[in-house]
Number of protein chains: 2
Amino acid sequence: MIPNGQSVESVLASHGVKPTPQRMVIAEYLLNTLDHPTAEEVLDAVSGKLPVALSRATVYNTLNSLKEAGVVREVLAEPGKVRYDANLSNHHHFIDVKTGQIIDVPAEKVEKLGKLLDKKFKVHGVQVTFFGDLQQDESEQT
Amino acid sequence: MIPNGQSVESVLASHGVKPTPQRMVIAEYLLNTLDHPTAEEVLDAVSGKLPVALSRATVYNTLNSLKEAGVVREVLAEPGKVRYDANLSNHHHFIDVKTGQIIDVPAEKVEKLGKLLDKKFKVHGVQVTFFGDLQQDESEQT
DNA sequence: AAGCGGATTAGATCTAGTCTAAAGATATTA
DNA sequence: TAATATCTTTAGACTAGATCTAATCCGCTT
Ligand SMILES: [Mn+2]
Ligand SMILES: [Mn+2]
Ligand SMILES: [Zn+2]
Ligand SMILES: [Zn+2]
């Protein structure tokens with residue numbers, strides 16, 4: 001997650017995010033976990049690490065800032081919850097429908113989109129979503 | 001969406017869903033749109049079509065029943081909203097980040113996952129999510 | 001007709017997320 | 001240093017999607 005020997009502060013700096021104490025602890029947490037925590041989980045995990053109280057609004061503000069700055073990305077897994085992921089490598093996610101566990105899947109594993117993956121993953125379904133920009137438009141379509 | 005010349009009633013029957021009037025109008029609506037409506041949008045669209053009031057609880061109950069029965073599937077596009085899709089063919093979604101419009105993309109268009117698609121779709125990002133069942137487990141992993 | 005189980009209802013409740021208005025920090029002038 | 005501007009954080013109110021509850025309704029079977 002955290003690139004090479006970079007400090008959390010330098011990661012923020014390189015993305016143009018001013019390093020306040022609140023942002024530091026939140027980014028540090030995200031950059032050092034393989035989990036895909038929700039805002040609530042981030043709050044629980046880091047609120048003890050500051051001398052002052054950490055408000056929910058700040059957690060949400062910070063997560064949105066980090067997302068917009070490109071430090072983390074959103075993962076939409078279950079309905080009704082946004083999760084955050086500091087792994088910016090080209091990868092996808094496998095979600096265990098029993099436990100809810102979310103596991104990173106390197107993009108190169110996704111060759112034929114249906115075969116692939118370890119035999120350890122019994123795939124029930126795949127959901128692929130493109131986000132982009134629809135050109136409006138000349139004749140022929142999808 | 002709706003298979004061949006089948007009636008809505010027979011679609012429900014073939015999936016083991018008892019065809020009440022509420023379920024009929026909801027299923028009929030979903031089976032005849034290319035949209036990917038939310039529960040709220042379903043409620044708005046069909047509530048006038050019944051002689052009685054249609055409660056929100058029934059809409060949610062019905063959507064969950066239809067999903068579990070395999071008549072529709074969930075689409076997780078934007079955070080905080082579940083959308084429903086009666087197109088069960090193997091396909092993915094393109095979401096216009098400007099308008100929010102959701103467009104079906106046939107699976108065969110998704111060959112190399114990055115190239116592909118019409119030039120009309122400028123892809124900013126792709127999110128692939130597998131849902132499944134994690135075998136717990138012998139040695140080697142992803 | 002009585003009883004049963006599933007379906008539907010209105011409205012309360014839950015919860016993730018946003019908004020608000022005030023207070024705090026930090027940088028930039030004079 | 002003081003004044004000011006801009007940005008950040010805070011507690012708590014608020015919103016909105018979704019679920020829960022308990023009463024009622026409806027179609028069957030006896
Ligand atoms: Mn969250
Ligand atoms: Mn909805
Ligand atoms: Zn990930
Ligand atoms: Zn679709």
Side-chain angles (χ1 to χ4, degrees), chain A residues 9 12-13 15-29 36-69 71-85 100 102, chain B residues 8-9 12-13 15-29 35-69 71-85 100 102:
Chain A
E9 188 157 7
L12 293 189
H15 286 83
V17 177
K18 209 174 288 180
T20 67
Q22 289 84 355
R23 289 168 180 172
M24 294 281 286
V25 296
I26 290 173
E28 166 156 57
Y29 173 64
H36 299 77
T38 63
E40 208 60 33
E41 287 165 354
V42 170
L43 177 56
D44 288 352
V46 310
S47 62
K49 299 192 177 164
L50 283 170
V52 297
L54 176 61
S55 90
R56 192 173 351 158
T58 298
V59 173
Y60 279 96
N61 288 343
T62 298
L63 290 172
N64 283 325
S65 299
L66 294 179
K67 176 184 52 167
E68 259 144 46
V71 178
V72 300
R73 59 157 150 154
E74 271 183 6
V75 174
L76 304 183
E78 320 123 274
K81 288 206 169 133
V82 177
R83 295 182 173 276
Y84 292 91
D85 190 349
I102 300 176
Chain B
V8 172
E9 187 156 8
L12 293 189
H15 286 83
V17 178
K18 208 176 289 182
T20 68
Q22 290 82 355
R23 288 168 180 173
M24 294 281 286
V25 297
I26 291 173
E28 166 156 59
Y29 173 64
D35 266 5
H36 299 77
T38 62
E40 207 61 32
E41 287 164 355
V42 171
L43 178 56
D44 288 351
V46 310
S47 62
K49 299 192 178 165
L50 283 171
V52 297
L54 175 60
S55 90
R56 190 167 353 150
T58 298
V59 173
Y60 280 97
N61 288 344
T62 298
L63 291 172
N64 283 326
S65 298
L66 294 178
K67 175 184 56 168
E68 259 143 48
V71 178
V72 299
R73 59 157 150 153
E74 270 184 4
V75 174
L76 304 183
E78 320 123 274
K81 289 204 169 136
V82 177
R83 295 182 172 276
Y84 293 90
D85 191 349
I102 299 177

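On a predicted model such as this, the values are computed, not experimentally measured, just so you know. In what follows, chains are A, B, ... by sequence order, proteins preceding strands, each numbered from 1.
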If only atom types and distance count, is the side chain of Thr62(A) paired as donor or acceptor with the main-chain N or O of Thr58(A) below 3.5 Å? yes
Residue whose nearest DNA chain C nucleotide is more 5′ - Asn64(A) or Thr62(B): Thr62(B)
So CG of Asp35(B) and OH of Tyr84(B): to nearest 0.5 Å the spacing works out to 15.5 Å
Please determine if a side-chain N or O atom of Tyr60(B) lies less than 4.0 Å away from the OP1 or OP2 oxygen of dT19(D). no
Between the protein and nucleotides 10-16 of chain D, list every N/O to N/O distance that falls short of 3.5 Å.
unit_1, atom_1, unit_2, atom_2, d
dT10(D), OP1, Gln22(A), NE2, 3.4
dT10(D), OP1, Ala53(A), O, 2.2
dT10(D), OP2, Ser55(A), N, 3.2
dT10(D), OP2, Thr58(A), OG1, 2.7

Between Arg23(B) and Lys18(B) (side chain of the first, backbone of the second, donor and acceptor by atom type, cut-off under 3.5 Å), is there such a pair? yes
To the nearest angstrom, the CD-P distance between Glu74(B) and dG17(D) comes to 16 Å
Testing the basics here: between Pro79(A) and Leu76(B), what is the closest heavy-atom pair and its distance to 0.1 Å? N-CD1, 3.8 Å
Between dC26(D) (P) and Arg23(B) (CZ): distance, integer Å: 15 Å
How many Å lie between NZ on Lys67(B) and C1' on dA18(D), as a whole number? 11 Å
Atom CG of Leu63(A) to atom C1' of dT18(C): distance rounded to whole Å? 14 Å
Quick one: Met24(A) CE to dT8(D) P, roughly how many Å, whole number? 15 Å
Using whole Å, report how far CD of Glu40(A) lies from C1' of dC14(C). 13 Å
Do you know the tightest heavy-atom contact between Ser47(A) and Leu54(A)? CA-CD2, 4.2 Å
Ionic contact status for Glu41(A) with Arg83(A), cut-off 4.0 Å: yes
Nucleotide nearest Lys18(A) when distance is taken to its side chain, options dA18(D), dT8(D), dG6(C): dT8(D)
Looking at dA25(C), I'd like to know if its phosphate oxygens (OP1 or OP2) sit under 4.0 Å from a side-chain N or O belonging to Thr20(A). no
